[in-house]
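Notes follow the structure.
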Amino acid sequence: MKRVLAVCGPTASGKTALAIHLALQFDGEIISADSMQIYRGLDIGTAKPSADDMSIVPHHMIDIADTSEKYSVSRFQREATVCAEDALHRGKLPIICGGTGLYVDALISGREYSPVGDDGRLREELEREYYERGAAAMHERLAAVDAESAARLHVNDKKRVLRALEVYAQTGGTITDHNARSRLIPPRYDAFMLGLDPGRERLYERIGLRVKTMLEHGLEHEARELFERGKLMGTAAQAIGYKELADYFCGKVTLDEATELLCRKTRNLAKRQMTWLRADDRIAWLCYNSRISGELTVPEAAQTSG
RNA sequence: GCCUUUGUAGCUCAGUUGGUAGAGCAGUGGACUGAAAAUCCACGUGUCGUUGGUUCGAUUCCGACCGAAGGCA
């Protein structure tokens with residue numbers, strides 16, 4: 001089976017630096033699996049690799065969408081697979097590097113997403129009904145057609161309840177069936193997955209420092225440009241940093257408050273990322289040593305544990 | 001110096017007409033199949049500022065003291 005490498009870890013754990021070292025050592029190319037680095041213009045706030053980094057090692061799946069576009073896992077799966085295949089054909093080692101666990105998994109595992117996407121109209125309609133009739137009513141409706149999904153999903157899990165209803169309405173089949181079939185598809189790559197875990201305390205400290213650096217590097221200016229041009233829509237509007245600063249530009253909060261919120265949201269994100277990664281037993285966790293700069297060397301990377 | 005307000009969970013604050021207290025946020029754990037930097041779920045003992053008094057019983061009433069904010073001199 002085709003072999004690939006994956007570098008996983010929460011935000012600010014040093015993935016980018018490690019991936020570049022590995023790419024240089026093993027003649028690899030980096031495939032970013034990050035739902036926000038996808039977007040052109042979200043540079044500082046997403047800690048995108050520098051132009052230098054990208055000139056040393058080829059990077060894929062970065063700057064491929066406009067911030068006004070919708071993006072989705074399924075599109076990522078399609079496009080990133082093309083990149084990985086292309087790299088393999090050229091004899092390069094694909095190194096998947098990114099903090100979006102769902103995207104990493106979408107590329108490695110065989111799992112396929114439901115053939116139907118977000119049909120704007122239908123989703124709008126479901127949303128409207130959700131507000132008119134309430135969460136319980138929608139959950140009950142799901143239970144009538146797909147009892148398993150209903151049992152699995154919490155009544156308040158609006159996003160997933162609505163998606164399950166959407167899939168049923170468009171395909172006539174349940175998402176439960178689709179998922180079951182999807183699970184049987186073998187993985188598309190033999191992936192060796194490395195995990196980076198600095199530990200909670202150190203991670204939070206690094207996040208604080210990173211936010212400070214981002215602001216020094218002009219995050220406010222970058223965010224203001226996008227904000228004033230009304231360019232942040234859909235998925236990109238969810239990007240941490242940009243949305244907090246937008247509240248500041250609107251005068252809803254002070255810059256200090258926005259900064260504090262930015263740090264907090266990033267910490268919340270890192271925690272969720274760790275929850276996702278911990279549940280993945282394919283990951284080999286690295287010994288995270290005292291080199292907190294993130295400049296891990298390859299021999300250190302080879303010292304896997306767990 | 002006097003008067004008023006105020007002191008309850010890491011933070012912001014509810015509350016108990018006297019029977020030792022609860023929300024939001026933070027934090028921790030978990031989930032996650034076309035929004036995933038999103039979304040959802042679970043977890044709340046803290047000398048109720050200190051110290052006397054009244055009371056069967058006080059965080060709740062009264063006094064003193066300490067801290068904070070405001071007002072008057």
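Numbers restart at 1 for each chain; the letters A, B, ... are given by sequence-line order, proteins then strands. Remember, it's a predicted structure, so these values are computed and weren't measured experimentally.
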* With a 4.0 Å cut-off on heavy atoms, is Glu127(A) in touch with a base, just the backbone sugar-phosphate, or nothing at all? -> base
* N/O (side chain, Asn156(A)) to phosphate O (OP1/OP2, C41(B)) under 4.0 Å -> yes
* Asked: Thr46(A) near the nucleic acid: base, sugar-phosphate alone, or nothing, with a heavy-atom cut-off under 4.0 Å?
  -> base
* Asked: Are any side-chain N or O atoms of Glu29(A) and backbone N or O atoms of His60(A), one a donor and one an acceptor, separated by less than 3.5 Å?
  -> no
* Structure fact -> Of the candidates U28(B), A36(B), U33(B), the side chain of Asn179(A) sits closest to U33(B)
* **Between G49(B) and A14(B) - P atom distance, rounded Å** => 14 Å
* To do: Classify the nucleic acid contact of Gly241(A) as base, sugar-phosphate or nothing, counting any heavy atom under 4.0 Å across all strands shown.
  => nothing
* Any-strand Watson-Crick or G-U partner of U51(B), both distances under 3.5 Å -> G63(B)
* Check the surroundings of atom CD in Glu79(A): do more than 12 heavy atoms from other residues, nucleotides or ligands lie under 6.0 Å from it? => yes
* Asked: Which whole-number value in Å describes the distance from Leu142(A) CG to C40(B) C1'?
  -> 15 Å
* Asp105(A) near the nucleic acid: base, sugar-phosphate alone, or nothing, with a heavy-atom cut-off under 4.0 Å? -> nothing
* Remember a base hit wins even if backbone is also touched, and classify Val167(A) as base, sugar-phosphate or nothing at under 4.0 Å, heavy atoms. => nothing
* Asked: Would you say Arg75(A) reaches A36(B)'s phosphate, i.e. side-chain N/O to OP1/OP2 under 4.0 Å?
  -> no
* To do: For Leu162(A) and for Thr275(A), locate the closest nucleotide of RNA chain B by heavy-atom distance; then report the residue assigned to the nucleotide nearer the 5' terminus.
  => Thr275(A)
* Determine the contact category for Ser182(A): base if any of its heavy atoms lies under 4.0 Å from a base atom, sugar-phosphate if only primed atoms, P, OP1 or OP2 are that close, otherwise nothing. => base
* Under 4.5 Å between side-chain heavy atoms, hopping through other hydrophobics if needed: is there a path connecting Val167(A) to Leu126(A)? -> no
* Arg152(A) vs A31(B): side-chain N/O to OP1/OP2 distance below 4.0 Å -> no
* Determine whether any donor atom in the side chain of Lys159(A) lies under 3.5 Å from an acceptor atom in the base of A38(B), or the reverse, and answer yes or no. => yes
* Now, which nucleotide makes the Watson-Crick or G-U wobble pair with A69(B), with each of the two distances under 3.5 Å? -> U4(B)
* Structure fact -> Per atom distances to the Asp157(A) side chain, the nearest of G29(B), A36(B), U39(B) is U39(B)
* Structure fact -> Rounded to whole Å, the NZ-P distance (Lys265(A) to A38(B)) equals 7 Å
* Value in whole Å for how far the C1' atom of C25(B) lies from CZ of Arg267(A) -> 12 Å
* **For U20(B), the Watson-Crick or wobble partner whose two distances fall under 3.5 Å** => none
* Under 4.0 Å between any heavy atoms, over every strand shown, what does Phe76(A) touch: base, sugar-phosphate, or nothing? Just pick one. => nothing
* Would you mind reading off the distance between Leu269(A) atom CG and A38(B) atom P, rounded to a whole angstrom? => 6 Å
* Determine the contact category for Tyr242(A): base if any of its heavy atoms lies under 4.0 Å from a base atom, sugar-phosphate if only primed atoms, P, OP1 or OP2 are that close, otherwise nothing. => nothing
* Any strand is fair game: report the nucleotide pairing with G29(B) by Watson-Crick or G-U wobble, both distances under 3.5 Å, or none. => C41(B)
* Asked: Below 3.5 Å, does any donor atom in the side chain of Lys271(A) face an acceptor in the base of G27(B), or the other way round?
  -> no
* Asked: Can you tell me how far P in G15(B) sits from the matching atom in A58(B), rounded to whole Å?
  -> 23 Å
* With C1' as the reference atom in both, quote the distance from U20(B) to C56(B) in angstrom, rounded to an integer. => 15 Å
* To do: Could you tell me the separation between the CG atom of Leu107(A) and the C1' atom of U33(B), rounded to a whole number of Å?
  => 15 Å
* Structure fact -> Comparing Arg111(A) with Gln238(A), nearest RNA chain B nucleotide closer to 5' gives the residue Arg111(A)
* For the hydrophobic clusters of this structure (ILVMFWY residues joined by side-chain heavy atoms under 4.5 Å, transitively), does one cluster hold both Tyr39(A) and Leu269(A)? -> yes
* Rounded distance in Å between the P positions of G18(B) and G70(B) -> 32 Å
* Between Lys243(A) and Asp247(A), is there a side-chain N and carboxylate O pair less than 4.0 Å apart? -> no
* Asked: Shared ILVMFWY cluster between Tyr103(A) and Ile64(A), side chains joined below 4.5 angstrom?
  -> yes
* If you measure from the P atom in U8(B) to the same atom in C3(B), how many Å do you get, rounded? -> 24 Å
* Asked: Taking CD from Glu112(A) and C1' from G34(B), how many angstroms apart are they, rounded to a whole number?
  -> 12 Å
* Does Ile175(A) belong to the same Ile/Leu/Val/Met/Phe/Trp/Tyr cluster as Leu142(A), with side-chain heavy atoms less than 4.5 Å apart forming each link? -> no
* **Spacing of the P atoms in G46(B) and G71(B) (rounded, Å)** => 38 Å
* Nearest-angstrom distance, P atom, G24(B) to A42(B) -> 10 Å
* Asked: Hey, does Leu153(A) reach any base, or is it just sugar-phosphate, or nothing, if we go heavy atoms under 4.0 Å?
  -> nothing
* Indicate whether OP1 or OP2 belonging to G34(B) is found under 4.0 Å from a side-chain N or O atom of Arg163(A). => yes
* To do: Ignoring hydrogens and angles, state whether a donor on the side chain of Thr176(A) or Asn179(A) is under 3.5 Å from an acceptor on the partner side chain.
  => no
* Asked: Choosing from C25(B), G29(B), G34(B), which nucleotide comes nearest the side chain of Arg264(A)?
  -> C25(B)
* What integer distance in Å separates Glu260(A):CD from U12(B):C1'? -> 14 Å
* Record whether the side chain of Arg160(A) comes under 3.5 Å of the base of A38(B) through a donor-acceptor pair of N or O atoms. => yes
* To do: Considering just the side-chain nitrogens and oxygens of Lys243(A), establish if one lies under 4.0 Å of OP1 or OP2 belonging to A38(B).
  => yes
* Asked: Across all strands, who's sitting opposite G34(B) as a Watson-Crick or G-U wobble pair, both distances under 3.5 Å?
  -> none
* Asked: Within the structure, does a side-chain N or O atom of Tyr103(A) lie under 4.0 Å from either OP1 or OP2 of A38(B)?
  -> no
* Asked: Base, sugar-phosphate, or nothing: which does Arg272(A) touch, judged by heavy atoms less than 4.0 Å apart?
  -> base
* Across the strands shown, which category fits Arg278(A) at heavy-atom distances under 4.0 angstrom: base, sugar-phosphate, nothing? -> sugar-phosphate
* Between the side chain of Asp53(A) and the main-chain N/O of Ser50(A), is any donor-acceptor distance below 3.5 Å? -> yes
* Asked: How many Å lie between CD on Glu257(A) and P on C25(B), as a whole number?
  -> 17 Å
* Rounded to the nearest 0.5 Å, how far does NZ of Lys48(A) lie from NE2 of His59(A)? -> 11.5 Å
* What nucleic acid atoms does Tyr39(A) come within less than 4.0 Å of, heavy atoms only: base, sugar-phosphate, or nothing? -> nothing
* Asked: OP1, OP2 of G27(B) versus side-chain N and O of Asn268(A): anything below 4.0 Å?
  -> yes
* **C1'-based separation of U47(B) from A38(B) [nearest Å]** => 43 Å
* Using a 4.0 Å heavy-atom cut-off across all strands, classify Arg183(A) as base, sugar-phosphate, or nothing. => base
